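Basis for what follows: all heavy atoms, side chains included, without hydrogens, waters or symmetry-related copies. None of the values given here were measured: they were computed from a predicted structure. Just follow the structure's listing: the first ligand is 1, and inside any ligand the first atom is 1.
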Amino acid sequence: MNDALQKSPPEEVTATSEVAAGAILTIDLGAIRENYRRLKARLGDVACAGVLKADGYGLGAGQVGAALLREGCDIFFVALLGEGVALRRSLGADPAIFVLNGIPPGAEPDAVAANLCVVINSHEQLAAWRAAARRAGRKLPAAVQVDSGMSRLGMAPRDVDRIAADPQAFDGIDIRYVMSHLACADEPEHPANEKQRLAFEQLRKMLPAAPASLTNSSGIFLGPSFHYDLARPGAALYGINPTPPKSNPMLPVVRLQAKVAQTRSVEKGAGVGYGHTYHAQGPLRLATISFGYADGWQRRAASAAWFEGVRLPFVGRVSMDSIILDISALPGGRLREGDLVELLGPSQSVDDAAGHAGTIGYEILTSLGPRFHRRYVGG
Ligand SMILES: *Cc1c(COP(=O)(O)O)cnc(C)c1O
């Protein structure tokens, strides 16, 4: 038989294959696990969940969830029903998965089928989950969220009053947690933190006794009086600084590198990029990278890429699929087509990039687009 015919076909090139993609996103699951351990160490005996909403802050809810499971984390939070159903499929039957935004009216059977824990934010959602329990013929798990002062999600004090007066309010519901969310946890001196904590104390007393949960990442650093029975960090797990402006106690998690598509030299006066918003002040060497606003780097974010520790500023406008860099600081010929320059990593943290873009690290991570080749390491 002819050996050549037996060869397996070459692997199919997809948009996100390493050879085809314009940029490579490396996600260090080992660093996420270490960050989880660091938060656990601060929390002592208090349980620590993992927040995986928005596809694990853009880094892959399934992969991050599996890594956290290996650290013993078995409580997860997502924002939406669909995220919960997908996470249940990837993590299996065991972990508790809470849906923060509640369940849209009529979709309760889908939440029951995936054995999700609903976060109940209103009187109406409570009635719907009670009815779902009646239909299912068993108790259904839930967290009751109260609004302690953020005015976003959760039952207002008036709703809590009304429920407290109804002995049947929680029939068929297994209340796993009473929870609330802090609006200003990243500002330790902000008076709203203690005010919310006291309001939370008041509201919990009116509800059936259950474990309590109040803090996100930054709240963990407000001290033990905020910890209660369960912390719900997201950002800090992903390497975002939970204690700005102090130094970051977490490990960095992501590295984003873009490929050089072309290099060129231009003369003084050359217009660069759309709208010619930039003109060369003298002879320049430029590199165009395969990475642009369609990949989540905002058009208005003035920034730079880095190569071997050398800063390469953006020149001209960010395009959809490309950005032009001034590479004159590098020796001629040093940077070539196919080389990788760094957008996020040791030279520029997620928080640094956010500072240049006038936003927060959360938005940088959750904006990262679908075209990257994603490489998971350290799982
Ligand atoms: C997003 C979110 C968290 C996690 O917040 P981080 O600041 O990312 O740690 C916790 N609880 C609720 C209700 C949230 O919406």
Side-chain angles (χ1 to χ4, degrees), residues 32 35-36 38-40 42-43 46-59 61 64-65 68 73 75-81 83-84 87 96-103 116-122 125 142-155 176-188 190 192-193 196-197 199-200 203-204 211-222 226-244 246 248-251 253-254 350-351 354 359-368:
I32 292 177
N35 288 338
Y36 183 77
R38 288 182 185 185
L39 296 174
K40 285 280 293 177
R42 291 201 152 258
L43 288 165
V46 171
C48 190
V51 177
L52 300 176
K53 58 196 186 187
D55 194 27
Y57 291 45
L59 302 184
V64 174
L68 291 175
C73 176
I75 304 172
F76 298 101
F77 286 83
V78 294
L80 304 178
L81 169 63
E83 294 175 342
L87 193 63
I97 300 173
F98 289 88
V99 181
L100 288 167
N101 285 21
I103 302 301
L116 301 177
C117 305
V118 171
V119 174
I120 294 172
N121 291 312
S122 70
Q125 289 172 22
V144 178
Q145 179 157 234
V146 294
D147 177 21
S148 59
M150 185 172 177
S151 316
R152 186 180 70 170
L153 287 169
M155 293 191 203
R176 301 275 179 90
Y177 294 97
V178 174
M179 61 174 278
S180 192
H181 191 48
L182 296 168
C184 307
D186 57 344
E187 299 173 58
H190 202 297
N193 292 321
Q196 279 199 265
R197 196 183 71 77
F200 183 54
L203 292 166
R204 327 177 30 206
S213 177
L214 181 61
T215 73
N216 63 342
S217 298
S218 294
I220 293 172
F221 296 82
L222 295 176
F226 285 82
H227 292 173
Y228 293 95
D229 301 296
L230 175 74
R232 308 184 308 268
L237 295 173
Y238 305 102
I240 292 171
N241 187 359
T243 60
K246 288 197 227 157
N248 192 348
M250 315 313 297
L251 282 183
V253 166
V254 297
V350 172
D351 291 304
T359 182
I360 52 175
Y362 299 64
E363 196 178 27
I364 296 287
L365 289 186
T366 57
S367 299
L368 295 176

When you measure from the heavy atoms of Tyr362 to every atom of ligand 1, does any distance fall below 4.0 Å? yes
Can you confirm whether more than 12 heavy atoms, excluding those of Arg42, are under 6.0 Å from its CZ atom? no
Please list, chain by chain and in numerical order, all residues satisfying side-chain contact (heavy atoms from CB on, under 4.5 Å) with Pro211, sequence neighbours excluded. Tyr177, Asp229
Any donor-acceptor pair under 3.5 Å linking the side chain of Glu83 with the backbone of Leu80? yes
Please output the side-chain donor-acceptor pairs of residues 213-221 that fall under 3.5 Å, not counting sequence neighbours, one pair per line with the distance.
residue, atom, partner, partner atom, Å
Ser213, OG, Leu230, O, 2.8
Ser213, OG, Arg232, NH1, 2.9
Asn216, OD1, Gly219, N, 3.0
Ser217, OG, Gly234, N, 3.2
Ser217, OG, Ala235, N, 3.4
Ser217, OG, Ala236, N, 3.0
Ser218, OG, Pro242, O, 2.8

Which heavy-atom pair separates Gly50 from Leu68 by the least distance, and what is that distance? CA-CD1, 4.1 Å
When you measure from atom 1 (C) of ligand 1 to every protein heavy atom, which one gives the shortest distance, and what is it? Lys53 NZ, 1.4 Å
If I apply the N/O under 3.5 Å rule, does Arg232 come out as touching ligand 1? yes
May I ask whether Pro233 has any heavy atom positioned less than 4.0 angstrom from an atom of ligand 1? yes
Consider every N or O of Leu100 and every N or O of ligand 1, then say whether any pair is closer than 3.5 Å. no
Ligand 1 atoms in contact with Ala235 (distance to a heavy atom under 4.0 Å): 6 (P), 8 (O), 9 (O)
I'd like to know if the side chain of Tyr238 reaches the main chain of Gly58, judged simply by a donor and an acceptor atom lying under 3.5 Å from each other, with no hydrogens or angles considered. no
For Arg152 and ligand 1, answer yes if some heavy atom of the residue is under 4.0 Å from a ligand atom, otherwise no. yes
With no hydrogens and no angle check, is any side-chain donor or acceptor of Glu363 less than 3.5 Å from a backbone partner on Ala354? no
May I ask you to identify the nearest protein heavy atom to atom 5 (O) of ligand 1, giving residue, atom name and distance to one decimal place in Å? Asn216 CB, 3.3 Å
What protein heavy atom sits nearest atom 9 (O) of ligand 1, and how far off is it? Ser217 OG, 2.5 Å
Would you please determine whether Tyr57 falls within less than 4.0 Å of ligand 1 on a heavy-atom basis? yes
